[in-house]
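Please read the structure below before turning to the comments.
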There are 2 protein chains.
Amino acid sequence: MSTTGRGLHGRVLDTLGPEITAGAYPPGSVLRTDELAQRFDVSRSVMREVVRVLESMHLVESRRRVGVTVLPAREWNVYDPQVIRWRLAGADRPRQLRSLTVLRSAIEPVAAGLAARNATAEQCAELTECALGMVAHSRGHRLEGYLFHDVAFHRVILTASGNEMFARLGDVVAEVLAGRTHHDVMFEDPDPAAVTLHVQLAEAVRERDAARAERLTREITEGALQELDVLAP
Amino acid sequence: MSTTGRGLHGRVLDTLGPEITAGAYPPGSVLRTDELAQRFDVSRSVMREVVRVLESMHLVESRRRVGVTVLPAREWNVYDPQVIRWRLAGADRPRQLRSLTVLRSAIEPVAAGLAARNATAEQCAELTECALGMVAHSRGHRLEGYLFHDVAFHRVILTASGNEMFARLGDVVAEVLAGRTHHDVMFEDPDPAAVTLHVQLAEAVRERDAARAERLTREITEGALQELDVLAP
DNA sequence: TGTGACATATAAGTCTGACTTTTTGTTCGG
DNA sequence: CCGAACAAAAAGTCAGACTTATATGTCACA
């Protein structure tokens, strides 16, 4: 599940990163490289590399004679996929999930509008295929299959928009959708209305109807927001 | 101007990072840590730290027995402020600027709507102050002063939205606005219509009129998009 | 001729210890 | 009371030896 995995360096990062993003050290706390190296039983070289990466994420700041200072959350690179994953795994997961869902609600409608203008024939076909897959798995507790096609659907939309900034949010959306299915329990089958909206959206993109694509996506994301209000008020 | 600056490590990064994001090495190219260390005249330790940071940005991938492989642009963490700065300084600056402006056009209207709901009295005051500052510098080639207040205005909106993902885009917006003023020549005074829109927006937020705030912001960002079409068709 | 096991070379990964540089806090003299 | 010199502390840098994974080539065997 963890992306870093490989190498001694990655294992330390996978422990220290989540600790920091979980708020284990209040902002302003100072960590000493040597102490950390001892704690994780690694050499200073490895520890320095870890600190450098944390520094590039703006989670900490390293200064001579003072140590490694933990930065306030406001400074963090919250768009770093690694940071997003760490925070989603932590305690303030609900708040994080809400932030990301609001982000989706801003981005996806615009992305869908652009996709209606720019999508290739192949992408239109993929979209239809995904929507059909969602329909096929919408009943009988086939949640995993449904999720798979849902994620793929939104990825295609974001990619087809032709905007690289939108395209790179595919992982975020995947994380949010997966979170909804797995963590926040989802006993029942997905909302039939949502399924219909996806089918109609694929249709709108295929027919180059940007305005309709945007409107439909807005309905989808508003649904996601309402769902969140019900689960975590 | 460069954020990294400090330390030998930062200087190497400030050279190698821009090179990679500028596409100097085609995707799949392999770099050897030892060679890079020689080239920059630094120790392997320093070079390894640089590679680790580039790896965390998904610009490169380091694998045993093969070397440091440059990844395709599709993999890059394009939301990393450092990466954004590097790319804006490079050759594909126009494309980058367009991507970011489209991103703005998606985010800011939603952020403004939220700001109208959540802004504190203090934030409302700041907003009005910024808008007045923009008015005051809107004539007589006071571009620097205008830019300053424009950036501050949008930062307040994004922060006041209460969504941390939006708030963190303040730097991006600042970069885009600064780019428009400095790089892409802007001899004339700013569009009076835009100034008026900002004043009205501050008003709408103060009066808690979310719908109007969103609509006005949409007009502002659409103006920015059209401006871009004129400059770089 | 194809295939699988094995050997080898290569480049990253890791560790250690010594040394340098910057910064901060203290102390001492004015 | 204040400023300048000083000392200590922690990160930063370096060099060299060693380890580990792995891509690739080799060779025997089918």
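Bear in mind the structure is a predicted one, so any value in this text is a computation, not a measurement. Quick note on labels: first sequence line is chain A, next is B, and so on, each numbered from 1.
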- Message: Judged by each residue's nearest nucleotide on DNA chain C, which is more toward the 5′ side, B/Arg32 or A/Val66?
- Response: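 Its nearest nucleotide being more 5', the pick is B/Arg32.
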- Report the residue (A/Glu49 or A/Arg63) whose heavy-atom-nearest nucleotide on DNA chain C is the more 5′ of the two. A/Glu49
Would you say [X] has more than 12 foreign heavy atoms packed within less than 6.0 Å of its [atom1]?
X        : atom1 : answer
A/Gln38  : CD    : no
A/Glu129 : CD    : no
A/Phe148 : CZ    : no

Residue-phosphate contact under 4.0 Å: [X] side-chain N/O, [N] OP1/OP2:
X       : N      : value
A/Ser45 : C/dG13 : no
B/Ser62 : C/dG13 : yes
A/Arg52 : D/dA11 : no
A/Ser43 : C/dT14 : no
A/Arg48 : D/dG12 : yes

Quickly work out the [X] [atom1] to [N] [atom2] distance and round it to whole Å.
X       : N      : atom1 : atom2 : value
A/Met47 : C/dT16 : CE    : P     : 15 Å
A/Glu61 : D/dA11 : CD    : P     : 13 Å
B/Phe40 : D/dT13 : CZ    : C1'   : 17 Å
B/Glu55 : C/dA12 : CD    : C1'   : 11 Å
A/Leu36 : D/dA10 : CG    : P     : 13 Å
B/Leu8  : D/dA15 : CG    : P     : 11 Å
A/Gln38 : C/dT16 : CD    : C1'   : 14 Å

- Message: Taking the ring centre of each residue, are A/His154 and A/His149 less than 6.0 Å apart?
- Response: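 No, the ring centres sit 6.0 Å or more apart.
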- Describe the nucleic acid contact of A/Arg44 in one word from base, sugar-phosphate, nothing, applying a heavy-atom distance below 4.0 Å. base
- Message: Under 3.5 Å, is there any donor-acceptor pair linking the side chain of B/Arg64 to the base of D/dT22?
- Response: no
- Query: Any donor-acceptor pair under 3.5 Å joining the side chain of A/Arg65 to the base of D/dA8?
  - Reply: yes
- Non-hydrogen side-chain atoms of B/Val102 and B/Leu225 separated by less than 4.5 Å: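 The answer is yes, as the side chains (C-beta and beyond) meet within the 4.5 Å cut-off.
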